[in-house]
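One structure is given below, encoded as structure tokens.
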Amino acid sequence: MSKQRILIKYGGNAMVNPQLQQEIAAQIFKLHKAGFEVILVHGGGPFINKALEKAAIKSQFVDGLRVTEAIAFAEIQKALIGEVNANLISTLNQQKLKAVGLSGKDAGMVQAKKYQHQSSDGQEVDFGLVGEITRIDNFLVNLLCEAGCVPVVACIADGADGHSYNINGDTFAGKLAAAVHAEQLIVLTDVDGLFLNYPDPESIIKTLNEDEVRSHMGSVIQGGMIPKIQSCLLALNEGVKKAIILNGTKPQQLSDYVIDNQKIGTTITLK
């Protein structure tokens, strides 16, 4: 019987706090031992901010997306691959996992093109080296998973135009989950799920379908939660069976949900 494959989008405080990093790694080991194949996709917002600050490059955001000039891209690539990815590999391998660090560039796994964006007032916005995915080849991830490794993927990819692009981590995770035929997409955030009235724990929305997402967009769903929920819908529409938002600052939630089937977080469904 083939193993069930899970893609985890890793970000937020769980990435910045070394203690939480260790605990997430221990949870991934637990999932691996229970017979699941795990793929990790990570962002690196706080590390990127720090790297750009150090290089005296101002961060500019439009509609929640980072404008990425060539000079900023060089720093972003260094932070994501040279710092975040490399450190994650060390942490995971200390847990006796065979973690392998990748970006979308490796073996031409992810192809991208320049992202075209219209702002809310209909103006074309040039985001510089921000990309959108055009194609994914799942060969490398399949190879690594079948060999018992944990692929850890940074969200950078090359374009046919010879440029490299920074890609939104949530979108990257949703697209990759579908391309590698993951059964489940788990998006880790800093909260217990989507709240109707944050932070009232009684108001956590347990399940949310596509129509409900539309009606809550911009009100209940705002800020950083928007791309996360959109990435879940994107994955579900492209064939992933389950998508859920869990709290990465409570690493135990991973095995509570995957292994013990506890009803936690916010599950996104199509209908």
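The distance from atom CZ of Phe36 to atom SG of Cys145, rounded to the nearest 0.5 Å, is 13.5 Å. Between atom OG1 of residue Thr91 and atom CD of residue Glu23 there is a gap of 12.5 Å, rounded to the nearest 0.5 Å. Gln27 contributes atom CD, which lies 10.5 Å from atom CG of Leu188 (distance to the nearest 0.5 angstrom).
Val100 is not connected to Leu97 by any chain of hydrophobic side-chain contacts under 4.5 Å among Ile, Leu, Val, Met, Phe, Trp and Tyr, and they are in different clusters. When hydrophobic clusters are built by joining Ile, Leu, Val, Met, Phe, Trp and Tyr residues whose side-chain heavy atoms come closer than 4.5 Å, directly or via intermediates, Ile8 is grouped together with Ile264. Tracing side-chain contacts under 4.5 Å through hydrophobic residues (I, L, V, M, F, W, Y), one reaches Ile39 starting from Val240; they form part of the same cluster.
Its side chain outside the 4.5 Å cluster rule for every partner, Leu234 clusters with none of the Ile, Leu, Val, Met, Phe, Trp and Tyr residues. In this structure, Phe61 stands alone, with no Ile, Leu, Val, Met, Phe, Trp or Tyr side-chain heavy atom under 4.5 Å from its own, directly or through other members.
The list of side-chain hydrogen bond (donor to acceptor under 3.5 Å, both in side chains) pairs with a residue in residues 222-232, not counting sequence neighbours, reads Asp170-Lys228. Sorted by first and then second residue, the pairs that involve residues 79-108 and meet salt bridge (Lys or Arg N to Asp or Glu O under 4.0 Å), not counting sequence neighbours, are Lys105-Asp158. Sorted by first and then second residue, the pairs that involve residues 70-80 and meet salt bridge (Lys or Arg N to Asp or Glu O under 4.0 Å), not counting sequence neighbours, are Glu75-Lys78. Residue pairs meeting the side-chain hydrogen bond (donor to acceptor under 3.5 Å, both in side chains) criterion with at least one partner in residues 139-152, sequence neighbours excluded, are Arg5-Asn142, Asn138-Asn142. Listed by first then second residue, pairs satisfying side-chain hydrogen bond (donor to acceptor under 3.5 Å, both in side chains) with a partner in residues 260-271 number zero, not counting sequence neighbours.
Of all heavy-atom pairs between Gly248 and Ile24, the closest is O-CD1, 3.7 Å.
The local environment of CD in Glu202 is sparse, with at most 12 non-hydrogen atoms from other residues, nucleotides or ligands closer than 6.0 Å.
In this view, Arg135 satisfies the side-chain hydrogen bond (donor to acceptor under 3.5 Å, both in side chains) rule with no residue, not counting sequence neighbours. Residues that satisfy the salt bridge (charged side-chain N to carboxylate O under 4.0 Å, His left out) test with Asp190, not counting sequence neighbours, are absent from this structure. A search for salt bridge (charged side-chain N to carboxylate O under 4.0 Å, His left out) contacts involving Asp161 returns nothing, not counting sequence neighbours. Every residue two or more places apart in sequence or in another chain that forms a salt bridge (charged side-chain N to carboxylate O under 4.0 Å, His left out) with Lys114 is listed here: Asp126.
Side-chain contact check for Leu7 versus Ile186: every heavy-atom pair is 4.5 Å or farther apart. Between Val130 and Ile167 there is no side-chain heavy-atom pair separated by less than 4.5 Å. Between Leu270 and Leu233 there is a side-chain heavy-atom pair separated by less than 4.5 Å. Residues Val191 and Thr249 form no side-chain contact, since every pair of their non-hydrogen atoms from C-beta on lies 4.5 Å or further apart.
Between Tyr165 and His163, the angle of the ring planes goes over 60°, which puts this pair in the perpendicular group of the 30/60° scheme. Aromatic ring pairs are classed by plane angle as parallel below 30°, tilted from 30° to 60° and perpendicular above 60°; the pair Tyr115 and Phe127 is tilted.
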Give the table of side-chain donor-acceptor pairs shorter than 3.5 Å for residues 174-185, with sequence neighbours excluded, one pair per line with atom names and distance.
| unit_1 | atom_1 | unit_2 | atom_2 | d |
| --- | --- | --- | --- | --- |
| Lys175 | NZ | Glu238 | OE2 | 3.2 |
| Gln184 | OE1 | Tyr257 | OH | 3.2 |
| Gln184 | NE2 | Gln4 | OE1 | 2.8 |

